[in-house]
Amino acid sequence: MGAVPSTPRGSDSSVRPPDTAEYLIGTFVAEKSFPISSDFWNKLLQLPLNLHWPSHRVNHACQLFAQNNSYTRHLAKILIHLSCCLQECISTSDASNDVYDKAVNAVYISSVFLKYLIENAKDDNLEELYLSLDENEPIPMDFVLDENIENLVMHSMLSFISSVDVSPKTYLLHLELLNFMLIAMSTQLLCGPSPGPKDVNPFIDAAMVQESSLVSLVVRKLLLNYITRPGVPLGSASYSIFSEGSQPSVLQRVGSAAANIVLLPFSYLVSSSGGGSRSPLSDCSLLVLLVLIHFHKCVVNNESLTDRSIDVATSDSLLKENTYFSDNPYCKALQNATDFEFDRIDVEGNAHSGPLVRLPFAALFDTLGMCLSDESAVLLLYSLLQGNSNFLEYVLVRTDLDTLLMPILEALYNAPRRSANQIYMLLIILLILSQDSSFNASIHKMILPGVPWYKERLLHQTSLGSLMVIILIRTVQYNLSKLRDVYLHTTCLATLANMAPHVHRLSAYASQRLVSLFFMLSRKYNKLAELRENKMQLAKSNSIEGNSLSEDVSTELHIYTDFLRLVLEILNAILSYALPRNPEVVYAIMHRQEVFQPFKNHPRFNELLENIYTVLDFFNSRMDAQRMDGEWSVEKVLQVIIINCRSWRGDGLKMFTQLRFTYEQESHPEEFFIPYVWQLVLSRWYCSCISLSPQVLFYRTLLNQSQCPTNLR
């Protein structure tokens with residue numbers, strides 16, 4: 001026990017076995033416990049880690065470490081040394097390269113074995129980590145341990161990340177610390193998709209109890225990393241860790257480990273597609289931020305269970321009823337972030353409580369616009385728009401909304417290649433933006449010279465608003481044939497309803513698609529109505545089965561009745577508030593007026609259709625009054641409509657309350673967002689060549705069961 005499988009040593013006979021990397025790693029995972037003050041730790045952390053072990057040997061080393069860590073407490077000790085190295089880096093502005101090398105080695109070794117322990121934990125309490133020192137452990141005179149180890153190491157990491165600038169000298173350490181944080185916080189993967197009071201997440205819990213000033217600095221730094229997107233400083237002659245000599249550099253070593261040893265899923269440095277990420281530090285910073293801001297800790301009330309006679313099932317039920325979620329300081333910091341070019345205190349005279357995160361909103365806006373093809377960026381944009389009123393206001397006053405909208409609309413256009421969750425997030429972003437009337441007006445004033453990614457039709461000189469209508473309707477059509485999700489339909493139609501009163505010069509194609517939307521949904525409605533009739537006939541012969549099937553169909557029929565009414569209300573809003581500005585909509589309704597006839601006497605639709613037929617009667621009579629030589633052409637009909645739009649006064653129209661839908665998160669958004677965030681992390685971490693532990697595989701099956709947090713009012 002304690003021996004690592006043999007590997008041939010280097011050919012240099014002058015190297016003493018106790019100083020070789022292989023001996024020190026083997027000793028680290030073995031059964032002998034070294035005190036914190038032992039010189040062993042210096043030797044271990046000063047090693048050039050250029051081992052190239054196959055995966056089965058690394059796995060064997062991890063198994064030995066897991067067996068012996070309960071006695072050696074080497075995980076706790078190396079984390080303490082990591083904290084000391086980081087404190088030295090923070091306190092010494094000109095810290096030597098050796099200090100950074102030691103810190104990188106400490107965090108990397110810790111990550112390897114911590115990942116194994118978490119993935120192979122035998123119970124939810126994570127006792128295998130042994131994040132404490134033995135009572136008999138001798139403590140050096142100059143060492144003070146006045147808090148638990150997870151708090152110590154998380155405080156040191158967050159302090160380093162927030163206070164030390166990213167440079168060629170510090171880049172790799174920043175990256176490895178962020179990777180460690182993702183591994184340390186992945187204990188959530190063992191807790192299930194919904195937080196509970198018995199969950200054990202030592203490292204992320206430690207992050208949540210840091211001082212608000214540090215939290216604000218961390219949120220700011222992670223976002224600045226994302227905005228500035230610092231690249232890997234390869235070939236930096238001033239940075240010895242990226243050596244050009246025969247000895248592998250640390251970056252090369254980590255890249256080799258990721259690709260060959262399968263120690264850690266560092267796909268940031270070696271991607272599965274063969275091309276490295278342009279900014280692994282930026283990507284990793286964003287993932288860490290998303291995990292932090294969407295974490296929810298479930299806390300038990302003080303008045304919780306005291307009666308020991310209650311059985312386990314009743315106890316668990318009562319425990320759940322007596323819980324609440326504590327505030328998330330990282331989420332609060334993001335929600336209160338302001339633009340550093342605009343001081344709200346000067347305008348309103350109200351100071352925020354606690355430190356304020358000041359960010360360059362302009363740079364953040366531009367970065368998001370460039371990166372929205374990435375699903376993580378979409379979730380960040382959602383989090384900002386939904387939670388931060390300052391950023392939402394900033395976005396709404398921008399005159400270049402196409403910077404955000406074009407990549408969003410392109411992503412929806414390519415919906416078959418997107419995940420269902422990403423489609424939800426994109427649509428909810430559009431819904432949030434459509435709640436503002438100035439947004440709905442401005443998108444119709446921006447004319448696009450062309451839309452090269454739209455293949456079905458040449459869209460030339462189309463307004464951004466018209467394109468948005470086209471894509472939303474196309475998304476409904478895709479959902480109708482593929483996903484068949486009620487939430488998605490509802491969100492698309494709600495956004496169109498918000499836009500409707502402000503439509504201005506809607507294009508001919510967008511107008512045609514709007515009328516076709518009613519026809520498309522009406523076909524689905526008619527099929528359901530026919531199916532219900534058949535089920536009712538079945539119910540007469542088999543009362544139990546037939547009634548059940550009939551109820552299911554009736555429920556779906558009711559949903560599509562609501563959808564049809566909503567489309568009619570969208571058309572009514574355009575005709576009631578914006579008809580003179582939208583002759584193409586009038587033309588599309590006249591051209592397809594037969595699609596409304598079957599529903600003219602429907603009790604849910606008749607009032608709305610009366611308005612549509614009032615408009616049809618007005619323009620049909622004007623057409624009949626025209627003397628035409630030859631046949632009517634599209635241009636001639638449209639010209640008559642344009643002329644008569646000027647004289648339209650809306651006489652005879654019944655005015656309905658203007659629809660306005662707003663987005664609100666469900667009461668338990670964590671049930672969607674925690675699994676979703678980890679789905680994004682795992683998709684970045686694990687390449688196809690890297691095997692997943694059974695726990696992770698099980699959890700990934702739960703990820704697909706999360707529900708979209710849509711709540712419309």
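The figures that follow rest on heavy atoms only: side chains count, while hydrogens, waters and symmetry mates do not. The first residue in the sequence is number 1, and the count goes up from there.
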Side-chain donor-acceptor contact under 3.5 Å, Tyr613 with Gln597: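 Looking only at side-chain atoms, Gln597 and Tyr613 do form a donor-acceptor pair, the distance falling under 3.5 Å.
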Polar side chain donor-acceptor pair, Tyr382 to Tyr424, under 3.5 angstrom: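 No, Tyr424 and Tyr382 have no side-chain donor paired with an acceptor closer than 3.5 Å.
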Nearest 0.5 Å, please: how far is [atom2] in [Y] from [atom1] in [X]?
X	Y	atom1	atom2	value
Lys332	Asn328	NZ	CG	9.5 Å
Ile423	Arg418	CD1	CZ	9.0 Å
Ile408	Ile471	CD1	CD1	12.0 Å
Tyr509	Ile473	OH	CD1	9.0 Å
Tyr478	Cys492	OH	SG	12.0 Å
His444	Thr462	NE2	OG1	12.0 Å

Could you check whether Tyr330 and Phe295 have their ring centres less than 6.0 Å apart?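 No, too far apart.
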Sub-6.0 Å ring centroid separation between Tyr560 and Phe563: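 Ring centroids of Tyr560 and Phe563 are less than 6.0 Å from each other.
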Report the residue from Phe519, Phe605, Phe518 that forms a ring pair (Phe, Tyr, Trp, His ring centres under 6.0 Å) with Phe596.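 Only one option passes, and that is Phe518.
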Which residues pass the salt bridge (charged side-chain N to carboxylate O under 4.0 Å, His left out) test with Lys654, not counting sequence neighbours?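 Scan of Lys654 (salt bridge (charged side-chain N to carboxylate O under 4.0 Å, His left out), adjacent residues dropped) gives Glu607.
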Side chains of residues 364-373: which donor-acceptor partners sit under 3.5 Å, not counting sequence neighbours?
| residue | atom | partner | partner atom | Å |
| --- | --- | --- | --- | --- |
| Asp366 | OD1 | Arg398 | NH2 | 3.3 |
| Thr367 | OG1 | Ala363 | O | 2.8 |

Met623: partners by side-chain contact (heavy atoms from CB on, under 4.5 Å), with sequence neighbours left out: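 Checked Met623 against side-chain contact (heavy atoms from CB on, under 4.5 Å); matches are Met590, Trp632, Val637, Val640.
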Among Gln665, Glu671, Glu670, Glu666, find the one that has a side-chain hydrogen bond (donor to acceptor under 3.5 Å, both in side chains) with His668.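 Testing each of Gln665, Glu671, Glu670, Glu666 against His668, the sole residue satisfying side-chain hydrogen bond (donor to acceptor under 3.5 Å, both in side chains) is Glu670.
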